[in-house]
2 protein chains.
Amino acid sequence: MSSKKMPTLADVGRLAGVSRGTVSNVFNHPHLVRADVRERVEAAAKELGYDGPDPRGRVLHGGKFNAIGCMPPGDYTIADMFRSPYLRELMLGISLACDEAEATLSLIKGSNASRTSAIREALVDGFILGHSADIELITSAQRRRLPFVILESEAGPDVNSIRIDGRGGALMAARHLAELGHRRLAILSVRRTAGPPIVHMPNDPTRSIAEGSHLDNERLEGFRQGLAEAGIAIADVPIVETTPGEPAAGAVLFDRFPDVTAIMTMSDWQAITVLDEAVRRGIDIPGAVSVVGFDGTSEGSRTTPQLTTVAHDIVGKGKLAAEMMLAGGPPRQIVMPVELVVRASTAPARL
Amino acid sequence: MSSKKMPTLADVGRLAGVSRGTVSNVFNHPHLVRADVRERVEAAAKELGYDGPDPRGRVLHGGKFNAIGCMPPGDYTIADMFRSPYLRELMLGISLACDEAEATLSLIKGSNASRTSAIREALVDGFILGHSADIELITSAQRRRLPFVILESEAGPDVNSIRIDGRGGALMAARHLAELGHRRLAILSVRRTAGPPIVHMPNDPTRSIAEGSHLDNERLEGFRQGLAEAGIAIADVPIVETTPGEPAAGAVLFDRFPDVTAIMTMSDWQAITVLDEAVRRGIDIPGAVSVVGFDGTSEGSRTTPQLTTVAHDIVGKGKLAAEMMLAGGPPRQIVMPVELVVRASTAPARL
DNA sequence: AGAAAAACTTGGAGCGCTCCAAAGATTGCC
DNA sequence: GGCAATCTTTGGAGCGCTCCAAGTTTTTCT
């Protein structure tokens, strides 16, 4: 653990009596160095404890980083990438592509203030950006001229993007519940800023719920349409917004709206929270209340009861995103299909 | 998307009529540039589409990467870090520390051939290395003079390391089952190389099971001792080795050793696999067979039946590892306690 | 043996940036 | 107004490496 400076290519060259260039070749293109010279250089390197070219120099020269960067969306943290069922599966997909390409996966979260500067400074060859419609972020990524892919966000035709048909999915969920006879519903939406749950009472003329991200608005629109088909005005439906992992979501819903018979959510994570709270209170799901998730995470298939949800291939989406980014090529916009998976958390409405 | 070269500090300086140094200051130490000059420089930067210093140059100069590297152990992939219940919680702990320190988390997996060269080339300020006793890897990390922490591995006093008391945990598991009256047991161990399950028959004089990593051997030793206390020779106990996620583990056990009444495993992941197979076959757990996991992942508390397991604070371990790495300081070796959490997957032995 | 061909080495020219000592400009004060 | 003190700006010196054109040595062939 001496704090002596690390030896450099030049030091090794000096000891072995060859030039920097030759030492560099020994490590990077050994075939074009004569065997005896190569051995001499390797011996010198070993003697100095030189273990190969410093990556900083290599990278400065203009090389690739061989890494792809991932920034969690909105207020999510890096920890959430291992904690949120959705992000976890998404990351699994991305990492499958990384494993194949033998690329490093860098999880980056700038200081809240400046995600743009985090993008500017990241040592990666490209980005996958979560649902963060933030135009500034996109601009920043474009400035660096690095390839990137935007997930679940409005993005122009000059940008790679992948999203699911959120409106269609929400529509299916609402129709499903309407067909089961539910008339008193609640929506559990996502609060995109930190803070406690926000409750939007029905028939509150001042309520403004369209402040979420594109992602959320699109789903709300699907719910609205599905409800409208059944003759229900979304203005009559209570909407609660909670941050994604918020454990109190279920409590707020059951406390404030005890006569609701069905809850539509924006994510499986939220739906599972509701299920947990129902168990705690002895509320029968789906006997008393039906719950629909969103995303189709594998967690949702392991709950009791198993979750009815609007599913899509999250792993496949992540993998595709990483592959698109790694492949380069002209920008593409992809919309992935969703599917209503009816399992055991929904049932005909009680009276 | 023009392919024109990116502008540099010097280009901006030229346009603004100031030196490189001043432009650098505008971006890094704005307080020591006069306001009007700063504005001129910022205008020039905007005009050229210069978005701040290229990280490569910065880093070459000797700066930090502000990133910590994590390499999955053995044959695990980056994808496993999002897939294995154990690794996932470990990574969660590590990422909590990264979020706090606003550091990037780089998941690195060199080509199988050369994890050492991946270490050599990683753009990080330090490493957390999983249970990979690989002395070569440690040497390689030491060569780079970067701080690092080794998890679950034999490591000398000059290296940071954190491990759990695996022997003690295995001992508790074995005693627990012995107290429940189990006499016909099987061990589900970990195969550290790719490939199908390996079955070690009881009383096979040629069998050699001590080829695993230190981690595995230590646990086996605990099992051995616990069994010995109950008068059972480990040589009489079948041992099956499977790769961590191998779904066939349960099938092999139930097919080959139908009269076993208890199964001790090396991880919750494996134990859950066994539970799944039992459901598939209609085998009653714990009525017919008791199963003990290892690790104490949160998955284990959500299975049906809930898993009895040797638990430790995985998240805390990861967080501590990252903090140790980030803090620097003299090397420490930490052994974390384990605890037998008795839940519903173990019961008195049937006759 | 001698010339041409092949194999191998060399060292200069950056890559883009930060630091720093020193030069230059400005301000404050009597 | 003059001088010291303070504030700004400058440009050289690397950081460690890779590429490449040019030079040198070795091999091959007649």
Side-chain angles (χ1 to χ4, degrees), chain A residues 4-42 44-45 48-66 117 120-123 125 143-146, chain B residues 4-42 44-45 48-66 117 120-123 125 143-146:
Chain A
K4 215 173 43 185
K5 249 163 39 63
M6 292 289 291
T8 72
L9 269 190
D11 298 323
V12 176
R14 205 170 305 124
L15 181 62
V18 298
S19 72
R20 288 188 335 281
T22 298
V23 181
S24 174
N25 281 336
V26 167
F27 285 96
N28 296 306
H29 311 285
H31 62 280
L32 42 80
V33 178
R34 218 192 318 133
D36 62 314
V37 176
R38 187 165 58 229
E39 278 157 27
R40 210 164 69 238
V41 170
E42 278 162 354
L48 292 174
Y50 184 81
D51 204 38
D54 186 311
R56 286 179 286 208
R58 185 205 301 285
V59 130
L60 207 225
H61 188 76
K64 289 273 167 231
F65 297 102
N66 193 32
S117 83
R120 204 172 61 212
E121 298 181 359
L123 302 164
D125 301 318
R143 279 242 183 76
R144 267 194 74 176
R145 319 257 169 96
L146 292 182
Chain B
K4 216 172 43 182
K5 248 162 42 64
M6 292 289 290
T8 72
L9 268 191
D11 298 323
V12 176
R14 206 169 305 125
L15 182 62
V18 299
S19 71
R20 288 188 335 278
T22 298
V23 181
S24 174
N25 282 337
V26 167
F27 285 96
N28 296 306
H29 311 286
H31 62 280
L32 43 81
V33 177
R34 217 193 320 133
D36 63 314
V37 177
R38 186 165 59 229
E39 276 159 29
R40 209 164 71 237
V41 170
E42 278 163 354
L48 291 174
Y50 183 81
D51 204 38
D54 186 311
R56 286 179 285 209
R58 186 204 301 285
V59 130
L60 207 223
H61 187 77
K64 289 271 165 235
F65 297 102
N66 193 33
S117 83
R120 204 172 59 212
E121 298 181 0
L123 301 165
D125 302 318
R143 279 243 183 75
R144 267 195 74 176
R145 320 258 168 96
L146 292 182

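Numbered from 1 within each chain, the chains take letters A, B, ... in sequence-line order. Since this is a predicted model, take the numbers as computed values, not measurements.
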[X] [atom1] to [N] [atom2]: how many Å, rounded?
X      : N      : atom1 : atom2 : answer
A:L60  : D:dG16 : CG    : C1'   : 8 Å
B:R14  : C:dG16 : CZ    : C1'   : 13 Å
A:R20  : D:dC20 : CZ    : C1'   : 12 Å
B:L9   : D:dT10 : CG    : P     : 13 Å
B:R56  : C:dG16 : CZ    : C1'   : 9 Å
A:F65  : D:dT18 : CZ    : P     : 15 Å
B:E121 : D:dG16 : CD    : C1'   : 14 Å
B:D11  : C:dC15 : CG    : C1'   : 13 Å

Q: Take the C1' atoms of the five end pairs on each side of the helix from C:dA1-D:dT30 to C:dC30-D:dG1, get both axes, and report the angle to 10 degrees.
A: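 Taking five pairs per end, the axes differ by 30°.
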Looking only at non-hydrogen atoms, find the nearest pair between [X] and [Y] and report the distance.
X      : Y     : value
B:E121 : A:R58 : OE2-NH2, 3.3 Å
A:A16  : A:A44 : CB-CB, 3.8 Å
A:D125 : A:N66 : OD2-N, 2.6 Å
A:R145 : B:M6  : CG-SD, 3.4 Å
B:K64  : B:V59 : O-CG2, 3.8 Å
A:P53  : A:N28 : CG-ND2, 4.2 Å

Q) Does B:H61 get its side chain close enough to the base of C:dG16, under 3.5 Å, for a donor-acceptor pair? A)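 No.
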Q) Is A:D11 close to A:T8 at the side-chain level, that is, under 4.5 Å between some pair of heavy atoms? A)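 The answer is yes, as the side chains (C-beta and beyond) meet within the 4.5 Å cut-off.
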Q) Phosphate oxygens OP1/OP2 of D:dG16: is one of them under 4.0 Å from a side-chain N or O of A:Y50? A) no
Q | side-chain N/O A:H29 vs D:dC19 OP1/OP2, d < 4.0 Å | A | yes
(Q) Quick check against the 3.5 Å criterion: does B:R40 have a side-chain atom that pairs as donor or acceptor with the backbone of B:V18? (A)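 Here the side-chain-to-backbone pair does not exist.
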Q. So what does B:F27 hit on the nucleic acid, given a heavy-atom distance under 4.0 Å: a base, only sugar-phosphate, or nothing?
A.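 No contact.
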Q.
Against B:P7, only a single residue in B:L15, B:L48, B:D51 fulfils side-chain contact (heavy atoms from CB on, under 4.5 Å); can you say which?
A.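 Going through B:L15, B:L48, B:D51 one by one, the side-chain contact (heavy atoms from CB on, under 4.5 Å) with B:P7 is satisfied by B:L48 alone.
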Between the protein and nucleotides 4-9 of chain C, list every N/O to N/O distance that falls short of 3.5 Å.
residue: C:dT9; atom: OP2; partner: A:R34; partner atom: N; Å: 3.3

